[in-house]
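Values in this document were obtained by computation on a predicted structure and should not be read as measured data. Letters go in sequence order (proteins before strands), and every chain restarts at 1.
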Number of protein chains: 2
Amino acid sequence: MKYTMRKIADHEPLCEDIAGKGCGLKKVIDTVGGKWKIMILCVIDKNEVVRYGELSRSVHGITNTMLANSLKELEADGLVERKQYDEMPVRVEYNLTEKTKSLIPILLQLKKWGEDNL
Amino acid sequence: MKYTMRKIADHEPLCEDIAGKGCGLKKVIDTVGGKWKIMILCVIDKNEVVRYGELSRSVHGITNTMLANSLKELEADGLVERKQYDEMPVRVEYNLTEKTKSLIPILLQLKKWGEDNL
DNA sequence: CTGAATCCTTTTGGATACTG
DNA sequence: CAGTATCCAAAAGGATTCAG
């Protein structure tokens with residue numbers, strides 16, 4: 001009796017079904033994918049607390065539309081916190097949530113991998 | 001004399017200028033961003049060696065256009081290797097390069113983070 | 001100052017048919 | 001079998017204007 005042997009990866013599968021909504025990797029891509037969100041997280045991470053106008057200036061090239069949209073989605077997904085101070089003129093501050101802070105070290109590894117390999 | 005104190009992050013900056021072409025994080029996003037590339041890497045990783053037709057069936061929902069385009073770009077960026085056997089009919093096999101294999105553990109962390117936090 | 005609303009452009013992805 | 005070529009649809013992103 002003959003068998004066709006097929007090697008398979010020896011580590012935990014990267015993703016059984018990344019197309020499925022349950023896949024953690026897909027969730028990450030869906031929430032921080034796109035052109036701007038990681039950049040926004042970068043700037044907030046660097047300063048800990050950032051105002052809307054600062055982000056607008058620091059995230060080089062972003063438009064008002066995209067900044068506002070991205071911030072709203074990031075807040076809805078629990079990645080950033082928004083605090084509004086009703087002074088005149090109004091002041092709004094953004095900071096990372098705890099779970100987002102735990103994402104930063106992984107992004108740092110990704111950054112280093114990109115520097116070394118791309 | 002008064003100073004405005006401003007907290008800054010105490011760890012290595014996630015990205016000084018992620019908009020700049022030199023940023024490793026931006027490179028990663030540019031190379032494996034998009035809807036399909038990580039899924040393709042997943043499937044190749046799982047099987048070590050995969051044929052075009054297998055990818056077409058395994059990457060759920062992908063079209064010929066996108067599969068072909070993605071594979072060409074992944075190959076151009078040195079993330080996958082393509083081997084063509086001139087049999088009849090022709091057979092083509094894809095596998096991950098060494099540097100891509102070193103990316104997998106980072107993606108696994110990302111996946112776990114997504115499962116725990118999203 | 002911090003956005004929302006609208007309209008427009010660009011990019012990405014998809015369907016179908018076809019080739020060596 | 002492993003793709004290409006063409007054309008089309010959808011989504012992402014951008015410019016401008018306006019508002020609380």
Side-chain angles (χ1 to χ4, degrees), chain A residues 4 18-19 21 26-44 47 49-77 79-95, chain B residues 4 6 18-19 21 26 28-44 47 49-77 79-95:
Chain A
T4 302
I18 193 185
K21 284 193 65 177
K26 179 169 173 52
K27 289 184 186 174
V28 172
I29 295 172
D30 287 349
T31 30
V32 299
K35 192 171 177 181
W36 299 111
K37 287 183 180 175
I38 290 189
M39 295 179 59
I40 293 170
L41 296 184
C42 285
V43 173
I44 303 181
N47 300 279
V49 164
V50 190
R51 295 181 59 172
Y52 184 92
E54 288 180 286
L55 281 169
S56 185
R57 287 184 299 275
S58 301
V59 181
H60 189 70
I62 199 171
T63 59
N64 251 334
T65 315
M66 291 312 295
L67 179 55
N69 287 350
S70 301
L71 283 172
K72 241 190 331 192
E73 290 174 15
L74 287 171
E75 193 195 356
D77 290 327
L79 297 187
V80 306
E81 274 172 11
R82 177 184 186 277
K83 287 175 190 153
Q84 176 167 343
Y85 302 88
D86 289 327
E87 310 165 348
M88 182 58 100
V90 58
R91 178 166 56 104
V92 174
E93 290 182 348
Y94 292 91
N95 61 277
Chain B
T4 301
R6 190 62 184 281
I18 193 184
K21 284 191 65 178
K26 179 170 175 49
V28 172
I29 296 172
D30 287 348
T31 355
V32 299
K35 193 171 175 181
W36 300 109
K37 286 182 180 175
I38 289 188
M39 294 179 59
I40 293 170
L41 296 183
C42 286
V43 173
I44 304 181
N47 299 279
V49 164
V50 191
R51 296 181 58 173
Y52 184 91
E54 287 180 285
L55 282 169
S56 184
R57 288 185 298 276
S58 300
V59 181
H60 190 70
I62 199 170
T63 59
N64 251 334
T65 316
M66 291 312 295
L67 180 54
N69 287 350
S70 301
L71 283 172
K72 247 193 321 199
E73 290 175 15
L74 287 171
E75 194 196 355
D77 290 329
L79 296 186
V80 307
E81 273 171 13
R82 177 184 185 275
K83 287 175 190 153
Q84 177 168 343
Y85 301 88
D86 288 327
E87 310 165 348
M88 179 61 96
V90 59
R91 178 165 56 103
V92 174
E93 291 183 348
Y94 292 91
N95 61 276

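- The side chain to side chain contact (heavy atoms under 4.5 Å, CB included) test with B:Tyr94 is passed by exactly one of B:Leu74, B:Leu71, B:Val43: B:Leu71.
- Separation of atoms CZ (B:Arg82) and NZ (B:Lys72) is listed at 10.0 Å; rounding is to 0.5 Å.
- Every salt bridge (Lys or Arg N to Asp or Glu O under 4.0 Å) that A:Glu73 has, sequence neighbours left out, goes to A:Lys37.
- For the salt bridge (Lys or Arg N to Asp or Glu O under 4.0 Å) test, residues two or more places apart in sequence or in another chain that qualify with B:Glu93 are B:Arg91.
- Contacts of A:Thr31 classified as side-chain contact (heavy atoms from CB on, under 4.5 Å), with partners at least two apart in sequence or in another chain: A:Asp77, B:Leu118.
- Scanning for side-chain hydrogen bond (donor to acceptor under 3.5 Å, both in side chains) contacts around B:Asn64 gives B:Tyr52, with sequence neighbours left out.
- The minimum heavy-atom distance between B:Trp36 and B:Ser70, with the atom names listed, is CB-OG, 4.2 Å.
- Residues passing the side-chain hydrogen bond (donor to acceptor under 3.5 Å, both in side chains) test with B:Asn95 are B:Glu81, sequence neighbours excluded.
- Here B:Arg51 reaches the OP1 or OP2 of D:dA2: one of its side-chain N or O atoms lies under 4.0 Å away.
- In plain terms, the two heavy atoms of A:Val80 and A:Leu41 that are nearest each other are CG1-CD2, 3.9 Å.
- Remark: B:Tyr52 is not in phosphate contact with D:dT4, judged by side-chain N or O atoms under 4.0 Å from OP1 or OP2.
- For the side-chain contact (heavy atoms from CB on, under 4.5 Å) test, residues two or more places apart in sequence or in another chain that qualify with B:Thr63 are B:Thr65, B:Met66.
- An angle of 50°, rounded to 10°, separates the two end axes of the helix from C:dC1-D:dG20 to C:dG20-D:dC1, each defined over five pairs.
- In this structure, B:Glu54 atom CD and D:dA2 atom C1' are separated by 13 Å, rounded to whole Å.
- Shown are A:Ile62, A:Val92, A:Asn47, A:Ile40; of these, the side chain to side chain contact (heavy atoms under 4.5 Å, CB included) with A:Leu55 is made only by A:Ile40.
- Here A:Tyr94 lies in heavy-atom contact (under 4.0 Å) with sugar-phosphate atoms only.
- A nucleotide of DNA chain C counts as in contact with chain A when one of its atoms lies under 4.0 Å from a heavy atom; the first and last such, 5' to 3', are C:dC1 to C:dA5.
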N/O-N/O pairs, protein side and nucleotides 10-15 of chain D side, under 3.5 Å:
unit_1 : atom_1 : unit_2  : atom_2 : d
D:dG13 : OP1    : A:Lys35 : N      : 2.9
D:dG14 : OP1    : A:Lys35 : NZ     : 3.2
D:dG14 : OP2    : A:Trp36 : NE1    : 3.1
D:dA15 : N6     : A:Thr65 : OG1    : 2.7

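- In this structure, the separation between CE on A:Met39 and NZ on B:Lys26 is 7.0 Å, given to the nearest 0.5 Å.
- Applying the side-chain contact (heavy atoms from CB on, under 4.5 Å) rule to B:Arg57 yields the partners B:Glu54; only residues at least two apart in sequence or on another chain are considered.
- Of the residues in residues 70-77 of chain B, those with a non-hydrogen atom less than 4.0 angstrom from any atom of DNA chain D are B:Lys72.
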Please write out the pairs of protein N or O atoms and N or O atoms of nucleotides 17-20 of chain D separated by less than 3.5 Å, giving the distance to one decimal.
none

